Amino acid sequence: MADDQQYDYDVLVIGAGPGGYVAAIRAAQLGLRTACAEARETLGGTCLNVGCIPSKALLHASEIYEEAKGGHLAKFGIDFAGVALNLDQMHAEKAKAVKELTGGIEFLFKKNKVTWLKGRAAFQDAHSVKVGDQTVTAKNIVIATGSSVTPLPGVEIDQKTVVDSTGALALPKVPEHLVVIGGGVIGLELGSVWRRLGARVTVVEYLDQILPGFDGEVRKESAKLFKKQGFDLRTSTKVTGVTVQGDKASVQVEPAAGGEGETLQADAVLVAIGRKPNVDGLGLDAAGLRLNARGQIDTGHDFRTAVDGIWAIGDVIPGLMLAHKAEDEGVAVAENIAGHTGIVNHDVIPSVVYTMPEIAGVGLTEEAAAAKTAESGGIKVGKFPMMANSRAKTNRDTDGFVKVIADAKTDRVLGVWIVASLAGTMIAEAGIAMEFGATSEDIAYTCHAHPTHAEALKEAAMAVQGKPIHM
Ligand code: FAD
Ligand code: NAI
């Protein structure tokens, strides 16, 4: 104990995103003297300020707008006349949600007695950190500095005509033609927002399919649906340059394999080719820490780095760059620091793309599951189309399917993939089942409420044994 008192804090967390603020709150709950340093004016990190929350606010608002404007509701007997877009109001409501949520974290810090140190943090040594113009010491330091957009060489982001996700969340008017570079999660979510609000959207993707990391069949089905919605998907295509003249941009593209190029004229260009860990100016050298070849901080399963007393979580370490992964690591690292056993099962982290329909998955893709079990008996796959789900049919949202992948020998569920309007909510059940080591039979014999979209998961599980009822 006396040893601990030589430090200002038991735990100093650097970064107040979903990883950092959760780690700080849990550490304080466990009785540790905790501070959290944040360079932004508000708490909540990328996710609450310029990521998950504002993007979902615009996805929700633009979806309602499209339903009203596009006459989709007429078939339900709801006629709208004179529907108009008030983009300023849409942005204002988004800002309100962000303010309420970031303010909520401030409240939780006060409630849990976490000291908020305002300013950019830089290590002086393994136990001292300069934050703004003060230096503080801590027995344990958690690096939770998150990530920022990967730049595309030769393409300058001016946040007016050429924007990253932060700029794309704040465009003051609907571009006539938006070119998105990168057919990943950000490109498809924010592309959906602006398409629904009236933009023509072209997505330029280097690979031969969108959504890398997702199940192959899901990637194909998603591309089909996005094309049906009006997206121009240019896969196997690379951008060789972007030039801006006034408020217009020319985007030079050519086949990824080489060949004749073409120039796309755009009113806005969104660069969304991935994100990179935030480590610049953090003084990792002073702490004796090195980065791995991908610029990330490596940790063990307990989130300890190579330097005693320094821990790392969230987007700055390897793994999926997702808010809920960062949050769970935040809880686990605090518990480990407090001497408990904090664990995150990285094999069961759900991923959700919040487009319409939503696209979600947990566990292995069919390709990965087949490869992993190739020598032990392979896999069995059950699929059920949303078209055959009574609730989806009633709601007229029948796009998509559920797919359950199970080990052929043990029947243990290895992965679940869902394309459906409520996929993001439905995937939670699959996550729990997998966390408890469920077999497809366990899901198939679990009573699901009728009529719900979730019944499609039960039916897909029944289909693993070749016995779905409604197909
Ligand atoms: P961050 O949230 O990036 O927070 C790190 C914080 O550290 C930042 O506030 C930064 O200012 C601060 N910081 C950095 N360096 C220093 C320093 N030296 N000193 C002090 N402070 C510092 N994920 C989902 O799961 N669901 C979604 O719907 C989703 N939507 C997204 C939409 C967009 C547009 C983007 C860009 C991302 C989205 N993500 C989503 C990803 C999610 O935002 C990140 O995975 C998550 O925020 C990572 O949390 P983190 O705590 O590791 O880092
Ligand atoms: P991403 O990794 O999802 O997609 C980037 C895409 O750009 C890939 O398809 C890649 O092949 C392509 N690409 C790379 N270089 C290219 C080039 N030069 N030209 C054309 N295409 C190129 O990254 P994204 O969309 O930027 O998102 C970053 C992170 O943020 C992701 O890891 C994601 O997990 C997270 N995020 C999560 C969300 C969610 O959970 N709903 C929403 C938004 C972001």
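Values reported hereafter were calculated over all heavy atoms of this structure, with side chains retained and with hydrogens, waters and symmetry mates removed. Here the structure is a predicted model, which is why all the values come from computation and not from measurement. Both ligands and their constituent atoms are indexed starting at 1 by order of listing.
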Which bit of Leu152 is near ligand 2, meaning a heavy atom under 4.0 Å away: side chain, backbone, both or neither?
side chain
N/O to N/O below 3.5 Å, does that happen between Asn278 and ligand 1?
no
Looking only at protein heavy atoms, which one is nearest to atom 45 (O) of ligand 1, and what is the separation?
Asp315 OD1, 2.9 Å
Give me the nearest non-hydrogen protein atom to atom 19 (N) of ligand 2 as residue plus atom name, then the distance to 0.1 Å.
Ile181 CG2, 3.8 Å
Using heavy-atom distances only, which candidate in Arg275, Lys325, Lys276, Arg234 approaches atom 30 (O) of ligand 2 most closely?
Arg275
Nearest non-hydrogen protein atom, atom 22 (C) of ligand 2:
Ile273 CG2, 3.6 Å
Stepwise, does the side-chain hydrogen bond (donor to acceptor under 3.5 Å, both in side chains) test hold for Glu93 with His60?
CA-CA 11 Å; Glu93 199 58 21; His60 178 64; over 6 Å; no
Examine the proximity of ligand 2 to Thr150 and report which part, side chain or backbone, both or neither, has a heavy atom under 4.0 Å away.
neither
Ring pair (Phe, Tyr, Trp, His ring centres under 6.0 Å) with Tyr9: which residues, sequence neighbours excluded?
none
In ligand 2, the atoms that come under 4.0 Å of a heavy atom of Leu322 are 34 (O), 37 (C), 40 (O)
Contact (N/O only, under 3.5 Å) between Gly44 and ligand 1:
no
Cut-off 3.5 Å, side chains only: do Asp315 and Ser147 have a donor facing an acceptor?
yes
So which protein heavy atom does atom 4 (O) of ligand 2 come closest to, and at what separation?
Gly184 CA, 3.2 Å
Below 3.5 Å, N or O to N or O, backbone or side chain included: is there any such pair between Ala323 and ligand 1?
yes
Just to check, does Val185 reach to within less than 4.0 Å of ligand 1 when the distance is taken from its heavy atoms?
no
Out of Ala168, Gly146, Gly51, the nearest non-hydrogen contact to atom 33 (C) of ligand 1 is supplied by Gly51
Strictly by modelled atom types, are Thr161 and Asp247 linked by a side-chain donor-acceptor pair under 3.5 Å?
no
Sub-4.0 Å heavy-atom approach of Gly330 to ligand 1
no
May I ask whether Leu320 has any heavy atom positioned less than 4.0 angstrom from an atom of ligand 2?
no
Report yes or no: does a heavy atom of Glu205 sit under 4.0 Å from some atom of ligand 2?
yes
Which residue pairs satisfy the salt bridge (charged side-chain N to carboxylate O under 4.0 Å, His left out) criterion with at least one member in residues 40-65, sequence neighbours excluded?
Lys56-Glu189
Protein heavy-atom partner closest to atom 36 (C) of ligand 1 - residue, atom, separation in Å:
Arg275 NH1, 3.4 Å
Closest protein heavy atom to atom 17 (C) of ligand 1, given as residue, atom name and distance to 0.1 Å
Ala121 N, 3.6 Å
Looking at ligand 1, does any of its N/O atoms fall within less than 3.5 Å of an N/O of Glu189?
no
At a 4.0 Å cut-off, with the gap strictly under it, does some heavy atom of Lys325 reach an atom of ligand 1?
no
Tell me whether Val239 reaches ligand 2 (any heavy atom closer than 4.0 angstrom to a ligand atom).
no
Determine whether the side chain, the backbone, both or neither of Leu207 has a heavy atom under 4.0 Å from any heavy atom of ligand 2.
side chain
May I ask you to identify the nearest protein heavy atom to atom 28 (O) of ligand 1, giving residue, atom name and distance to one decimal place in Å?
Lys56 NZ, 2.6 Å
Do any nitrogen or oxygen atoms of Gly19 lie less than 3.5 angstrom from nitrogen or oxygen atoms of ligand 1?
yes
Answer yes when Asp10 and Arg33 have at least one side-chain N-carboxylate O distance shorter than 4.0 Å, and no when they do not.
yes
Which heavy atom of the protein is the closest neighbour of atom 21 (N) of ligand 1, given with residue, atom name and distance?
Ala39 N, 3.1 Å
Would you say the side chains of Glu329 and His324 form a donor-acceptor pair under 3.5 Å?
no
At less than 4.0 angstrom from any non-hydrogen atom of Val352, what atoms of ligand 2 do you find?
39 (C), 40 (O), 41 (N)
How far is atom 2 (O) of ligand 1 from its nearest protein heavy atom, and which residue and atom name does that atom have?
Thr46 N, 3.0 Å
